[in-house]
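Convention: sequence-line order gives letters A, B, ...; per-chain numbering from 1. Just so you know, these numbers come straight off a predicted model, no measurement behind them.
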Amino acid sequence: MLERKVQTRREGLPELPNLNGRKPVLRFAPNPNGPLSFGHSRGLVINGQYAKDLGGELILRFDDTDTTVKPPMLEAYESIPVQQEWLCGFSAHRIVIASERMQEYHDYAELMIKGEFGYVCTCSADEFREFRVSKTECPCRGNDVAKNLEGWKMMNDPAGYQSGDAVLRVKTDMTLKNPALRDWPAARIQTNPHPRVGNKWRVWPLLDFQSAVEDYLQKVTHIIRGKDLMDSTRKQTLLYEHFGWEYPETIYWGRVKVHEFGAFSTSQMKKDIAEGNFDGWDDPRLPTLSALSRRGIRPESLRAFWIELGLTQKDIAVPLSTLYSHNTKVIDPNAPRLAFVRDAFPVVLKGNFPKTGSISSHSDTEMKPRNYSIDEGVWIEEDDSGRPIRLKDLCDIDADGNVESIDRSDKRSVVHWVAGGKPSTLTIVNGQNIETIEGILEDNEYSVGTIVQLERIGYAIIEENGLLMVHD
RNA sequence: GCUCGUAUAGUGUAGUGGCCCAUCAUGAAGGCCUCUCGAGCCUUCGACCCGGGUUCAAAUCCCGGUACGAGCACCA
């Protein structure tokens, strides 16, 4: 007999390339212009998991150098580290705030000018675009170091250049094949005050420069990020070559689209919340981490989800049900069963049956059973009425409520029921629609935040004012 | 337009020249279970974008095509 060899399937994340025995230093760098969202969780999970698995370090870096287009939100500096720890299961080894590192960036900007690979450019954005397209050097490019230092001084002087008058550029090569790389801008003037450092600085670095310098200073070994930043890598590599530094190993992932979440941007959400279209950042319709947490999505589930997707550069569309199936595995073992009867329909039971008793709260665990006490009838869902049914763990009845058997006597459908109970509501979020269902909830003593399984409906989390559907 | 990247079942994913008539998960369908439209267990369904080339041998390497995506911001 030939023995069929079993293929070995790689588990978890792929090996980190070019590690060479080092402990990896990774970073996750969100813009603190709002709290973290589902989209951010990938970077946190992947970078965090590598750091954890390989005994390395995770740097949480606030890239808050834009005060105009994406102004920083002060609360985010507090909430992001909390959410990072919630998601990763450990707190970041280092926290770096770009706006507090400005002196470093200015120092390197000056070094760049003095090293003759940076220059102050006073062309307008439109003018430069034409130079870029036509592979032509702009007139500022030929200025000498002294002239550039003078320009740099004027950029930093409130009485000098104004916002839009001048930028600092990295000298690459205007004939480079990729137009994105031609003499890219490193810093610009911004006069809006920064919520943390006010008007202390006038010239702010752009992402590619700030990030490149900071990765060098923090000795980052591996950068794992979206492939939309591939050209960033190329730009930054050119800068590293000028400085004589070695660029970190870089890995990319593709775009992930979750249909149910649609297109949300932090700034749009901020606006919608301000206008009252959403209750807050944890409105269950939003794809923020606080909303997901409120909806009963566990961090372990998010981690399993992203690790399973891995690090391919493919652009993918994933249904939320994939995340839910991971979540089910996490929450089911601890989710007590409870009955919630929608569109409650009263049934008077005629015949003999045990008026009191207890039912298992979870067939697979040793969870404390639930007790019931029936006066003369029970609530069932209207859809279940008018036909012979089996009241789960109680008895078989006919369409009129006559008890036919205590033991299960045939294959009629098993339905859930409530004796007593209290009116409650179940809120279901489906994309941007929110639906509230009235019903009778079995008596229980579970606290707010407990995830239960509503029999035949799905998982729900107990909130102050009712139940919020987790998923089915 | 220029530049860069990706292409394995419905959806994701493993696979880096022979262990592959292709992995695992999810999904769908069916079944089991002294009792949920849940969990668990079992069975079934289902894929290497197209065309060339290299090779004894290609999902895997090369070329071309096609499709999709991203960048070309004084955003991150």
Side-chain angles (χ1 to χ4, degrees), chain A residues 2-11 14 29-33 63-71 98 121 123-125 128-129 132-133 135 163-169 176-182 184-190 203-204 206-208 210-211 225-235 252 254-257 259 266-267 304-305 307-319 321-326 328-329 331-333 335 337 339 359-360 362-365 390-396 407-408 411-416 453-459 472:
Chain A
L2 282 173
E3 198 177 333
R4 183 162 174 207
K5 291 185 180 169
V6 182
Q7 177 183 339
T8 50
R9 182 184 164 81
R10 200 202 74 229
E11 292 287 338
N31 183 331
N33 63 335
D63 278 353
D64 58 346
T65 54
D66 177 56
T67 61
T68 313
V69 184
K70 295 174 178 171
C121 174
C123 301
S124 71
F128 194 84
R129 188 172 303 124
R132 179 170 50 229
V133 170
K135 302 186 181 180
S163 179
D165 289 351
V167 295
L168 177 68
R169 292 190 180 281
L176 251 23
K177 272 176 74 180
N178 187 341
L181 313 185
R182 297 172 194 157
W184 53 272
R188 83 310 205 180
I189 299 165
Q190 279 187 131
V203 178
W204 290 83
L206 286 150
L207 168 84
D208 287 312
Q210 178 268 129
S211 179
R225 59 183 172 195
K227 68 175 184 179
D228 52 313
L229 262 18
M230 273 185 171
D231 284 348
S232 258
T233 299
R234 298 181 183 108
K235 289 186 207 173
Y252 307 95
R255 216 179 161 70
V256 173
K257 202 154 99 186
H259 188 67
T266 302
S267 28
F305 172 83
I307 289 170
E308 181 175 69
L309 292 197
L311 284 170
T312 65
Q313 291 187 26
K314 261 159 81 174
D315 300 311
I316 55 176
V318 194
S321 58
T322 302
L323 174 63
Y324 293 162
S325 92
H326 285 290
T328 295
K329 289 182 177 65
I331 64 180
D332 183 75
R337 275 47 175 163
I359 315 176
S360 153
H362 190 130
S363 53
D364 307 330
T365 73
R390 165 99 191 143
L391 298 177
K392 186 172 183 289
D393 294 310
L394 183 62
C395 60
D396 287 357
D407 290 325
R408 190 170 186 189
K411 290 279 187 182
R412 66 182 73 184
S413 44
V414 178
V415 310
H416 64 294
Q453 190 206 66
L454 303 178
E455 289 188 343
R456 297 173 66 219
I457 299 173
Y459 301 92
D472 51 33

I'd like a table of atom pairs between the protein and nucleotides 74-76 of chain B - only N or O on both sides, under 3.5 Å - with the distance next to each one.
unit_1: B:rC74; atom_1: N3; unit_2: A:Gly164; atom_2: O; d: 3.2
unit_1: B:rC74; atom_1: N4; unit_2: A:Cys123; atom_2: O; d: 3.4
unit_1: B:rC74; atom_1: N4; unit_2: A:Ala125; atom_2: N; d: 3.2
unit_1: B:rC74; atom_1: N4; unit_2: A:Gly164; atom_2: O; d: 2.9
unit_1: B:rC75; atom_1: OP2; unit_2: A:Arg188; atom_2: NE; d: 2.5
unit_1: B:rC75; atom_1: OP2; unit_2: A:Arg188; atom_2: NH2; d: 3.0
unit_1: B:rC75; atom_1: O2'; unit_2: A:Asp66; atom_2: OD2; d: 3.2
unit_1: B:rC75; atom_1: O2; unit_2: A:Lys70; atom_2: NZ; d: 2.3
unit_1: B:rA76; atom_1: OP1; unit_2: A:Thr65; atom_2: OG1; d: 2.9
unit_1: B:rA76; atom_1: OP1; unit_2: A:Arg188; atom_2: NH2; d: 3.3
unit_1: B:rA76; atom_1: OP2; unit_2: A:Leu207; atom_2: N; d: 2.9
unit_1: B:rA76; atom_1: O3'; unit_2: A:Asp63; atom_2: O; d: 3.1

Polar pairs (N or O, both sides) under 3.5 Å between protein and nucleotides 26-32 of chain B?
unit_1: B:rU26; atom_1: OP1; unit_2: A:Lys329; atom_2: NZ; d: 2.9

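Put simply, A:Lys314 has a side-chain N or O that comes within less than 4.0 Å of OP1 or OP2 on B:rU8.
Only the P atoms considered, B:rA25 is 45 Å distant from B:rC2, to the nearest whole Å. Comparing B:rA9 with B:rC24, their C1' atoms are spaced 12 Å from each other, to the whole Å. Distance check on atom C1': B:rC56 versus B:rG10 gives 38 Å, rounded to whole Å. Going from the P atom of B:rG17 to that of B:rG12 covers 27 Å, rounded to whole Å. To the nearest whole angstrom, the two C1' atoms, one in B:rG46 and one in B:rU26, are 13 Å apart. Taking atom P in both B:rA7 and B:rC45, one finds a spacing of 28 Å when rounded to whole Å. The C1' atoms of B:rU16 and B:rU8 are separated by 14 Å, rounded to the nearest whole Å. Going from the C1' atom of B:rU6 to that of B:rC49 covers 12 Å, rounded to whole Å.
Rounded to whole Å, the distance from CG on A:Asp393 to P on B:rG38 is 16 Å. Distance CD1 (A:Ile359) to P (B:rU34): 18 Å, rounded to an integer number of Å. The separation between A:Tyr459 atom OH and B:rU36 atom P is 13 Å, rounded to whole Å.
Listed for the A:Ser163 side chain is a donor-acceptor partner under 3.5 Å among the backbone atoms of A:Ile189. Listed for the A:Gln453 side chain is no donor-acceptor partner under 3.5 Å among the backbone atoms of A:His362. A donor-acceptor pair under 3.5 Å is formed between the side chain of A:Arg182 and the backbone N or O of A:Leu176.
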Each base of RNA chain B marked ( ) or [ ] if paired in-strand (Watson-Crick or G-U under 3.5 Å), | if paired to another strand and . if unpaired gives (((((((..(((.....[.....)))((((((.......))))))...(((((..]....))))))))))))....

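Only one option out of A:Asp364, A:Asp332, A:Asp393 pairs with A:Arg337 in a salt bridge (charged side-chain N to carboxylate O under 4.0 Å, His left out); it is A:Asp332.
The side chain of A:Glu455 sits closest to B:rU36 out of B:rC2, B:rU13, B:rU36. Distances were taken from every side-chain heavy atom of A:Arg255 (C-beta onward) to each of B:rA14, B:rG69, B:rG38; the shortest belongs to B:rG69. Closest to the A:Arg10 side chain, of the nucleotides B:rU36, B:rU8, B:rG15, is B:rG15. Across B:rU6, B:rU36, B:rG69, the shortest atom-to-atom separation from the side chain of A:Gln313 is found for B:rU6. Relative to the side chain of A:Leu309, the nucleotides B:rU13, B:rG12, B:rU36 differ in distance, and B:rG12 lies closest.
Donor-acceptor pairing under 3.5 Å, judged by distance alone, is absent between the side chain of A:Arg234 and the base of B:rG71. Evaluation of atom-type donor-acceptor distances gives a pair under 3.5 Å for the side chain of A:Arg337 against the base of B:rU36.
The closest side-chain donor-acceptor pair between A:Asn178 and A:Asp231 falls under 3.5 angstrom.
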